[in-house]
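Computation of the quantities below employed the complete heavy-atom set of this structure, encompassing side-chain atoms and omitting hydrogens, waters and symmetry-equivalent molecules.
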Amino acid sequence: MIRSERRVDAPALAAFLSNVALVHTRFRLHAVQNARVINEDLLLGRAFRRAGKPSRPSMTVLLEGAARLTAYGKHHRLAPGDVLVVVARDAIQMRQEGDPYASFALEWEPGWLAEAPTRTARARLDARALRRARDAWSQLRAGDGDAEAIVEAVLAVGRQALVRVARPAAELREEASTRERGLTEALDHLLSNLADQPMMLDLSQRLEVTPRQLNRLIREYNRKYAFNAGGWLDTRNRRRLLVGATFMTVPGATAAYVASLIGYRSATAFARALRHARLPPPSEIALEVQRLGEATVTLVGGS
């Protein structure tokens, strides 16, 4: 298993986006923490088609903040302690908000880590189970504890949402190559420091491979571990726009400031990139995200 950690801070807005993941060829477990932002798939999904393995089932465990998951035409509002399991990840459009927001998100190959769910299932954790989930989340975020034990703790939470576990933690071990670990560290660093305007040359020099070799390596890595991107440019550009659009939801955010955070030379260049991705101009993003929230607030599934 590989541990990946990506975080972008917006100090002037007291906001950040962060994701720590345990990455396996058969599953991925995310521990998400955000502050002051609204991350809205109904908006961001206009820009990029999902890559990776979108047919995998998924489970979301909300620990802090609020979330809305739209699955198969039904909206589900989650509060801390709620668990939602969905048959396929590509069926989900999610809204994350809160200061802070914290959650687990698990996706897996059906029948390997756990059985494939046959329907959307929802559960509410009791106080003891919620405390255990938060402990596992903290361990993953801090890099403490045994990775397999953390996954097993999250699966124990999933049992309350009708997830039938298919494989014990002892069988979860998977060794990544030295090159894959080096690529993970390099991508994590560059994608957490977008203001430095990372280029393919930076990555190829760090890994001591040619740009052509590097692009192939990144495509293969993203495909093998089901990351939501293709080659280097797709990986960087998705990251730039998804982070940039999300930071524009923070009160007081300006296009010039956010553009500098994500590596664009000007607000104009940022706006141009958003337009090419079929997203609203920077000045309209917060209003559009507010509208999307209001449009779904009365259409909530409770089961």
Side-chain angles (χ1 to χ4, degrees), residues 17 19 21 27-35 37-46 48-50 52-108 110 113-127 129-134 136-137 153-165 228 242 245-246 249 288-303:
L17 283 161
N19 185 2
F27 68 88
R28 186 161 68 242
L29 176 65
H30 302 266
V32 179
Q33 185 179 36
N34 303 328
V37 299
I38 301 175
N39 190 300
E40 174 61 85
D41 281 351
L42 290 174
L43 175 74
L44 301 175
R46 302 172 189 174
F48 300 105
R49 296 182 61 184
R50 279 183 171 153
K53 296 183 179 179
S55 62
R56 287 175 168 181
S58 70
M59 179 178 73
T60 299
V61 184
L62 187 62
L63 303 176
E64 300 288 347
R68 183 221 66 235
L69 279 84
T70 301
Y72 303 104
K74 190 172 185 180
H75 303 291
H76 302 263
R77 296 276 170 184
L78 305 188
D82 286 340
V83 182
L84 191 72
V85 176
V86 179
V87 175
R89 184 172 66 89
D90 62 352
I92 294 176
Q93 291 175 306
M94 189 170 183
R95 181 185 181 96
Q96 305 171 342
E97 54 191 311
D99 188 17
Y101 171 91
S103 69
F104 270 129
L106 175 68
E107 60 177 78
W108 70 93
L113 181 66
E115 299 300 327
T118 57
R119 60 180 178 85
T120 301
R122 183 173 182 143
R124 177 78 183 162
L125 302 181
D126 60 30
L130 179 57
R131 185 165 57 251
R132 287 178 173 174
R134 284 175 171 156
W137 182 91
V154 176
L155 287 173
V157 169
R159 291 190 184 99
Q160 294 196 29
L162 308 180
V163 174
R164 295 180 60 188
V165 177
N228 190 30
L242 299 185
T246 302
T249 67
E288 177 65 3
V289 168
Q290 179 182 347
R291 185 192 69 78
L292 290 168
E294 292 170 349
T296 59
V297 73
T298 59
L299 302 172
V300 179
S303 62

Quick check against the 3.5 Å criterion: does [X] have a side-chain atom that pairs as donor or acceptor with the backbone of [Y]?
{"X": "Trp108", "Y": "Ala114", "answer": "yes"}
{"X": "Arg95", "Y": "Val289", "answer": "yes"}
{"X": "Asp41", "Y": "Met94", "answer": "yes"}

Heavy-atom side-chain contact between [X] and [Y] under 4.5 Å:
{"X": "Met59", "Y": "Val154", "value": "yes"}
{"X": "Val87", "Y": "Tyr72", "value": "yes"}
{"X": "Leu292", "Y": "Leu43", "value": "yes"}
{"X": "Thr120", "Y": "His76", "value": "yes"}
{"X": "Pro57", "Y": "Val85", "value": "no"}
{"X": "Val32", "Y": "Leu17", "value": "no"}
{"X": "Arg159", "Y": "Val165", "value": "yes"}

Who pairs with [X] by side-chain hydrogen bond (donor to acceptor under 3.5 Å, both in side chains), at least two apart in sequence or on another chain?
{"X": "Arg132", "value": "none"}
{"X": "Asn19", "value": "His30"}
{"X": "Thr60", "value": "none"}
{"X": "Gln290", "value": "Glu294"}

Any residue meeting side-chain contact (heavy atoms from CB on, under 4.5 Å) with [X], in chain and number order, not counting sequence neighbours:
{"X": "Leu125", "value": "Val61, Val83, Ala129, Leu130, Ala133, Val157, Gln160"}
{"X": "Asn228", "value": "Arg50, Ala51, Arg238"}
{"X": "Ala116", "value": "Pro110"}
{"X": "Ala31", "value": "Phe104, Trp137, Leu140, Arg141"}

query = Going from CG on Leu69 to NZ on Lys74, what distance comes out if it is rounded to the nearest 0.5 angstrom?
reply = 13.0 Å
task = Under the side-chain contact (heavy atoms from CB on, under 4.5 Å) rule, what do Val86 and Ser58 come out as? Steps first, then yes or no, please.
result = CA-CA 5 Å; Val86 179; Ser58 70; 4.1 Å; yes
ask   = Looking only at side chains, do Thr70 and Arg68 share a donor and an acceptor under 3.5 Å apart?
value = yes
query = Does a donor on one side chain and an acceptor on the other come within less than 3.5 Å for Asn39 and Glu97?
reply = no
task = With sequence neighbours left out, write down each residue that passes salt bridge (Lys or Arg N to Asp or Glu O under 4.0 Å) with Glu288, or none if nothing qualifies.
result = Arg46, Arg291
request  = Sequence neighbours left out, what passes salt bridge (Lys or Arg N to Asp or Glu O under 4.0 Å) with Arg124? Give chain and number order.
outcome  = Asp82
request  = Could you tell me which non-hydrogen atom of Leu62 sits nearest to which non-hydrogen atom of Gly65, and how far apart they are?
outcome  = CD2-O, 3.7 Å
query = Could you give all pairs that pass the salt bridge (Lys or Arg N to Asp or Glu O under 4.0 Å) test and reach residues 55-65, with sequence neighbours left out?
reply = Arg56-Glu107, Arg56-Glu109, Glu64-Arg134
